[in-house]
Amino acid sequence: MNHRLTRLPVRLRALFHRRRVEAELKDELRFHIEKQIEQNLAAGMSAEEARRSARRDLGGLDAITEGCREAWPARLPGEMAQDVRYGLRQLRHAPGFAAVIILSLALGIGANSAVFSLINAVMLRNLPVKDPGRLALLSWNSNHRTLSRRVFSFMDNNGGYNDKPFAWPTYQTLRDRNRVFSSLFGFVPLSQANIGIAGQSSLANGEMVTGNYFSGLGVQPVLGRAITKQDERAGAAPVTVIGYGLWTRQFGQSRQVLGKAISVDGMPFTIVGVAPREFFGAMPGYTDDLWIPFKANPKLLPYGVPEGHSMYLSRRWWWLIIMGRLQPGVSRHQAASRMDFLFRQAITTGLKPPPKSNRLPHLQLYPGARGISVLRQQFSPELRLPMILVGIVLLIACANVAGLLLARATARQGEIAVRLSLGAPRRRLIRQWLTEGLLLSLAGGALGLLLAMWGSHALLWLLQGSGQSLHLDHSLHLNLSFDGAVLSFTLAISLVTGILFSILPALQATRMRPAPVLKGSRADSSTQPGPMRLGKTLVAAQVALSLALVTAAGLFLRTLANLEHQPLGFNPRHLLLCSINPQGYKDAQRIEFYGRLLRRLQLLPGVQAATMSSNLLLAGMHGSWPIKIEGQAAKTGKMLFANYNPVGPSFFHTMGIRRLLGRGVGWQDTPAAPRVAVVNQAFARKFLGGGNPIGHTFRFGYYQFKARQFSPGYRIVGMVQDAKYARLRNSPSPTIYLPYTQAFWLLPKFGMNFELRAAHGNPLALAPAVRQTIHGLDPMLPIAALKTQSQQIATALAPERAYAWLWGLFSGLAVLLAAIGLYGLMAYAVTRRTHEIGIRMALGAERAGISRMVVREVLWLAAIGAACGLALAAGFTRFIASLLYGVRPLDAATLALAASAVLLVAALAGWLPARRAARVDPLQALRYE
Amino acid sequence: MSKPTDLVQGTLDLLILKTVAIEPMHGWGIAQRIRQVSKEVLQVNQGALYPALHRLEQNGWVHARWSESENHRRAKYYALTPAGRKYLEREEANWLRLSTAIGLVIGIGEARG
């Protein structure tokens, strides 16, 4: 062993540096001749004679070279080329066989590449910036909510996120006093900003960034200049760099865009640059339309920062995300340990009394090369499951192809026997089979890549909906182009697949005694049980795996159907929705504006009823607040939590929510009127023991966002039927509907959603009139969502629909593959047993009996596979339990249905060979021998 | 004077290994040394020498290195590897047994004839 290792380098050298080795041989021989000439001259020969004698002694140089070549390891490329040529010839002889295999593999590999390209775009791709490997993301660890009330809940609401925000003064200290970063920059998202260009307004996502953001990332604008430190000074002219997408959408990529004015939430900015096309900021997947420097306008607040707080001075509001570029030669760990002291000093400055140091957080650094992906955290389960799914499909394809190759091996027994008996080593034959397998899998991979290019976009389209359901109210923007990673992945799985499916048939096919085969003895070949048994195992495995997938698909379909057909508690049909969020209004003005707009909308022709609400139904959002019901013995320290939705007049009428007791919210409920509220059945059931809620009074806690302060009392004046609120999956929980006019302290500065019920026809026909009405009141107001409630529900159901589709599609594919495998195996078995069948028939067996025999065998095989499949499904469906609704993972009906569907397909696949078996002509079959 | 004996393969390997066991040597030197040591009886077929050397190198019995020769030209020197030394010992033993056996057989033949 040791010896083999030591001689490896010299062998590899002879193998891969063949030219060098040959050149050295020439030098070696030249040295020999010169040496000989020297000796000959010394012996007194003439120069000419010495040379000739030396050449003669050595003999023909070519012969020597050839002799040495034999000593070197056989040239791999040469033999491989031979194998490849031979393999191609074999495949050309059986084009249908090759086509089926390549197609199976293309589907399996293509599905994997498509899913991987998505994962690559979301999770693996580096930011398109200079040297992304040197970027680090600043974070801190702490189990306690020490020191600050963190407001930046955008990302840190769940455990496991790496990005945590910092206070501005902390950033300043870290930036100015560290010695490990060549640049330390910060940013925050500015979402759903209202931007105005040449009198047209629209919504856009952006980032507020520090002056060194672009230089720190190393991003050069394609046009104009980047934001610089000068732009961050107080009193600097407000400038912005716009994204490539916005530039294309709004300016048609005009170079005249520089110097143009753009308003952001009503404040003027000047465009000074355009970011590169592939740059979406430090948060991939989150479209960045524009970047503006901090401090450009003190009134412009990033998401999550409450109004009235001095965000640049406060040490208590932590809101800034910081990234840095490490200095050359400094590792992330070195930098973190050196920054920690600085960080802890910065956060305790000015705090009295100084907090205990063991409760202070520590600074941490994470790799920043891939930026911060909101999607990465939210998408991963959505992407992991499809990856498992397509992995199983590929496994089935492998088993299928292995089965086909095995059948083919029998057809090629003669060829193999000849080669073996001519002295070809078994190793060489196995290599030949592997080469053929790799040819097939590479062809399948190439075709699969083409499928994946199309498939990845289809997949993104399917998954888009699940993004929306996860509060991503922005469109997904991913770079799905196929880079080296996707190509390498495809190549790698093609190679692995090729080896996987050809190794078993290769071992099986070459394990034979050539003599009987060459003698043409059929009996011998059919008494070798190996290939059949292996083939049967493979087919049973395919049936088992595909049954597991079909079961999962069935469960997802049931989930979708359950969600779609459940009672909602309101009527979603003929409803048009739209959202606005006017800026620069005071609360009173806002209330008045919304009221005025609603009155106009109610009067529009074709509108049966119209209302408004703070939250749309089934849009994934709901408000929840602690309350205290008057007169109830307050259990100490325990607050009741209720959902709330501030609504406008005729909300219940418009939405079709049945009123059970009392009245709804009406125009009489002005800000000055007595505070009232309407509750649902769940409220009465859970909080009032099922009693009549009317007349009860409750108070909200945390009034004006202050702890231990309660709002004035709201008197319950009505009760309505339970209705779905935020999500289709949530069962109705206690909900308070209160007049929007009396709830503004709960939602400062927030927008409003309007719901209109069309008298007849498609509610979208009302859209132009609605738009006109809104712009009649405020021409600059952007309108966010003009869609129907049915569309809203479809969006909410998108992930479920995506799952049902994906799993349905791929499990169908899996069953198809299994059926092909079953058919191939049985067709082969029938061919092999033609002789036996002929004898049975000659002895009086009926044709029907013969087909029954074959079908019975198929069903046995399928039943064994299905039994294993059920066990597999039982284990497997546990992993998707959390995604199901209204159906248990081990739903008997679904399992039974899936099993019978798979068995039916299996019976069909077996029926064709059975028919052929029944048609065997006994005379011919016997003569064949 | 009789014609120099051609060497059968295997024997040549043994001779080469034995020669480079003394000190690293280039191809021409090996041929010279074998001739000198065998008192001009064994004439190495130079056409067979180099394939044999390369085979030994590929098998890991000898190790080749380019270095400066006595006349300041670069030459490929072959040296025995540890694995080659073991192999040589084994082959020497084999050879001894074989030649003894042949000697015995031939000796008996002479006695009879």
Side-chain angles (χ1 to χ4, degrees), chain A residues 1-43 50-76, chain B residues 4 6-7 9-10 12-13 16 24-36 40 43-90:
Chain A
M1 191 64 218
N2 202 1
H3 173 57
R4 269 168 191 264
L5 268 180
T6 51
R7 74 183 189 186
L8 196 62
V10 64
R11 293 187 83 102
L12 288 179
R13 191 160 173 273
L15 204 54
F16 293 107
H17 296 281
R18 184 56 65 98
R19 208 169 288 167
R20 279 267 301 282
V21 172
E22 298 219 353
E24 280 182 9
L25 177 62
K26 240 177 219 162
D27 288 347
E28 192 177 8
L29 294 178
R30 189 182 308 126
F31 173 81
H32 181 104
I33 292 171
E34 284 170 6
K35 205 71 184 149
Q36 188 65 44
I37 293 171
E38 254 172 53
Q39 199 193 38
N40 290 351
L41 286 174
R51 190 184 314 278
R52 228 176 315 136
S53 162
R55 289 302 293 266
R56 196 182 49 234
D57 285 351
L58 189 58
L61 289 183
D62 284 346
I64 294 177
T65 312
E66 202 47 51
C68 289
R69 277 192 192 131
E70 274 174 29
W72 298 330
R75 290 192 79 165
L76 205 56
Chain B
D6 268 351
L7 286 167
Q9 209 190 37
L12 179 57
D13 289 358
I16 293 173
M25 183 60 67
H26 46 69
W28 185 81
I30 293 169
Q32 293 297 313
R33 179 71 60 84
I34 292 175
R35 216 182 56 202
Q36 285 164 7
E40 309 280 326
Q43 192 88 315
V44 177
N45 176 358
Q46 295 177 355
L49 173 66
Y50 286 94
L53 279 170
H54 280 251
R55 196 171 48 247
L56 292 172
E57 186 190 1
Q58 290 294 330
N59 280 333
W61 309 137
V62 299
H63 173 75
R65 175 178 293 144
W66 285 88
S67 53
E68 198 144 296
S69 75
E70 57 277 7
N71 55 3
H72 304 296
R73 276 198 308 261
R74 280 170 55 72
K76 195 175 176 188
Y77 279 81
Y78 293 87
L80 201 64
T81 63
R85 186 167 301 282
K86 272 186 216 146
Y87 177 73
L88 174 62
E89 280 162 14
R90 220 166 42 237

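The figures here come from the full heavy-atom set of this structure, side chains too, leaving out hydrogens, waters and symmetry mates. Chain naming here is simple, since letters A, B, ... match the order of the sequence lines and numbering starts at 1 in each.
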Under a 4.5 Å cut-off applied to non-hydrogen side-chain atoms, are B/Q32 and A/Q36 in contact?
yes
Q | Exceeds 12 heavy-atom contacts within 6.0 angstrom, atom CZ of B/R35 | A | yes
Checked A/V21, A/T65, A/I33, A/L29 vs chain B; the most non-hydrogen pairs under 4.5 Å come from A/L29
Within-4.5 Å side-chain heavy-atom neighbours: A/F31 and B/R73:
yes
With A/V10 as partner, the option from B/H63, B/H54, B/Q58 fulfilling side chain to side chain contact (heavy atoms under 4.5 Å, CB included) is B/Q58
In this structure, CH2 of B/W28 is separated from CD of A/Q39 (nearest 0.5 Å) by 4.0 Å
